[in-house]
Amino acid sequence: MPPPSLTAANDRVAAAASAANGHAGPDARRRAGKGKKVHPLPADGAAMGDGAGGERLAGGRRPMDWLSPAGVAGILRRHPLPALFACGLLLFMGVEYTIPMVPAAAPPLDLGFHATAAMHAGIAARPWLNSLLAALNTVFVAMQAAYILWAVLAEQRPRAAIATLMMFTCRGLLGCSTQLPLPAEFLGSGMDFPMGNVSFFLFYSGHVAGAVIASIDMRRVGRRRLAVLYDTLNLLQFVRLLACRGHYTIDLAVGVGAGPSHDVVKRRPVNCNTTHYRANSSSVPGDPLESTCRHASLHHRAINGRGIAVDWTIQVIF
């Protein structure tokens, strides 16, 4: 008589063989059927979901419950921001379709110019103040450039630098595509950046977008106080550019949105080969772009459907 351990092993082998041939034993059938849910058919031949209360969604709600006054009140209470945007859509649809258009011979209508009319008059009456504010603004632009260069060269974090390069490239394309007229009350200064009263693109503001990119990078690495300082100086720069008529309001507003937009685009992963970076003899030692790619790469070896090993690399530049 064979020992019990050998008998149990033989039973397992026989059960596996019968299952492979499509003949499962009673124990296997019981285990396979265990845990299966059996849904009884509705009584009187009713269709699925057509119970006494009709079709219901998760939580027992009917599909049209949100149209009731209680449902609308619940949406406003739980989702106030989308509801506010929906009200804004309705409001500005009415404004857009009824507002009088600005005539072709008239100057552009800018509410920011109206809001800073008193400041504009005070700066226009004091040329020295205009030059002082322009010089201080140029110092702030230099601070932005210094921080972004420090991040890429000293800390080997090129994300803010690449986002800035992308931002100025897109700004140049848009500035060449649509050249807005210079405001009639523009107060120029040789101390303003770019220096020397040269021409510049109005749409959109590179001053504001560059400061936003630097501030986002500061928050990313935990320099929150420095980011608050840059945001405050950027707000003062915003008001100064409006008061001096250096930009239209739309230029500055799009500059605020362009900063995070280019930073988010730079966050997207790009494919690259890690061995190419390591084996490339022509690469420069200490290159911040190369070292960032090397240290941020994630190599993975996967098996595809045919059983062949496939190597792939996800590359993210921070």
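Rounded to the nearest 0.5 angstrom, R126 CZ and S131 OG are separated by 14.0 Å. If you take CG on L91 and CE on M93, they are separated by 11.0 Å, rounding to the nearest 0.5 Å. Once rounded to the nearest 0.5 Å, the distance linking CZ of F201 with SG of C176 reads 3.5 Å. One distance of note links CD1 of I123 with CG of L129; it measures 5.5 Å at 0.5 Å rounding. L84 contributes atom CG, which lies 14.5 Å from atom NE2 of H79 (distance to the nearest 0.5 angstrom). To the nearest 0.5 angstrom, L229 atom CG is 13.5 Å from R223 atom CZ.
Grouping the Ile, Leu, Val, Met, Phe, Trp and Tyr side chains by contacts below 4.5 angstrom, directly or via other members, places M191 apart from V139. Linking Ile, Leu, Val, Met, Phe, Trp and Tyr residues whenever their side-chain heavy atoms come within less than 4.5 Å places V254 and L180 in a single cluster. I213 and L226 are assigned to two separate hydrophobic clusters, defined by single-linkage of ILVMFWY side chains at heavy-atom distances under 4.5 Å. Hydrophobic clustering places L242 together with F200 (ILVMFWY residues linked when any side-chain heavy atoms are closer than 4.5 Å, directly or through intermediates). In the hydrophobic clustering of this structure, Y248 groups with F238; members are Ile, Leu, Val, Met, Phe, Trp, Tyr whose side-chain heavy atoms approach within less than 4.5 Å, directly or through other members.
Across M167 and A209, no two heavy atoms sit closer than the pair SD-CB, 3.7 Å. Across all their heavy atoms, A83 and L76 have their closest contact at CB-CD2, 3.3 Å. Contact detail for A258 and Y204: the closest heavy-atom pair is CB-CE1, 3.5 Å. Counting all heavy atoms, side chain and backbone alike, C244 lies closest to N130 at SG-OD1, 3.6 Å. When every heavy atom of I148 is checked against every heavy atom of A161, the shortest pair comes out as CG2-CA, 3.6 Å. In terms of heavy-atom proximity, G206 sits nearest to R171 at N-NE, 3.3 Å.
Not one N or O on the side chain of S189 forms a donor-acceptor pair closer than 3.5 Å with the backbone of A134. Using modelled atom types, one side-chain atom of H247 and one backbone atom of L202 make a donor-acceptor pair closer than 3.5 Å. In this structure a side-chain-to-backbone donor-acceptor pair under 3.5 Å is missing from T116 to M119. When atom types are taken as modelled, the side chain of T98 and the backbone of G94 share a donor-acceptor pair closer than 3.5 angstrom. A donor-acceptor pair is defined here as one N or O able to donate and one able to accept, closer than 3.5 Å; no such pair exists between the side chain of R245 and the backbone of L241. Between the side chain of D263 and the backbone N or O of A160, no donor-acceptor pair lies under 3.5 Å.
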*asked:* Please evaluate residues D217 and R157 with respect to the criterion salt bridge (charged side-chain N to carboxylate O under 4.0 Å, His left out), reporting the C-alpha separation (whole Å), side-chain torsions for both, the decisive distance (0.1 Å), and the verdict.
replied: CA-CA 9 Å; D217 187 80; R157 294 187 300 103; 2.9 Å; yes

*For S205 and D251, run side-chain hydrogen bond (donor to acceptor under 3.5 Å, both in side chains): C-alpha distance rounded to whole Å, both residues' side-chain angles, the deciding distance at 0.1 Å, then the answer.*
CA-CA 5 Å; S205 174; D251 306 332; over 6 Å; no

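The shortest side-chain heavy-atom distance between E185 and H120 falls under the 4.5 Å cut-off. For the pair N137/R240, a side-chain contact is recorded, criterion being any heavy-atom separation below 4.5 Å from C-beta on. You'll find the side chain of P108 stays beyond 4.5 Å of the side chain of V102, heavy atoms only.
Under the rule for a side-chain hydrogen bond (donor to acceptor under 3.5 Å, both in side chains), the partners of N234 that lie at least two apart in sequence or sit in another chain are Q237.
Under a cut-off of 6.0 angstrom, the local environment of CG in L174 is crowded, with over 12 non-hydrogen atoms contributed by other residues, nucleotides or ligands. Counting heavy-atom neighbours within 6.0 Å of R219 CZ, excluding the residue itself, gives a total above 12.
Counted by atom type alone, S215 and D231 present one or more donor-acceptor pairs between their side chains at under 3.5 Å.
Taking the six-membered ring for Trp, Y230 and F140 have ring centres closer than 6.0 Å.
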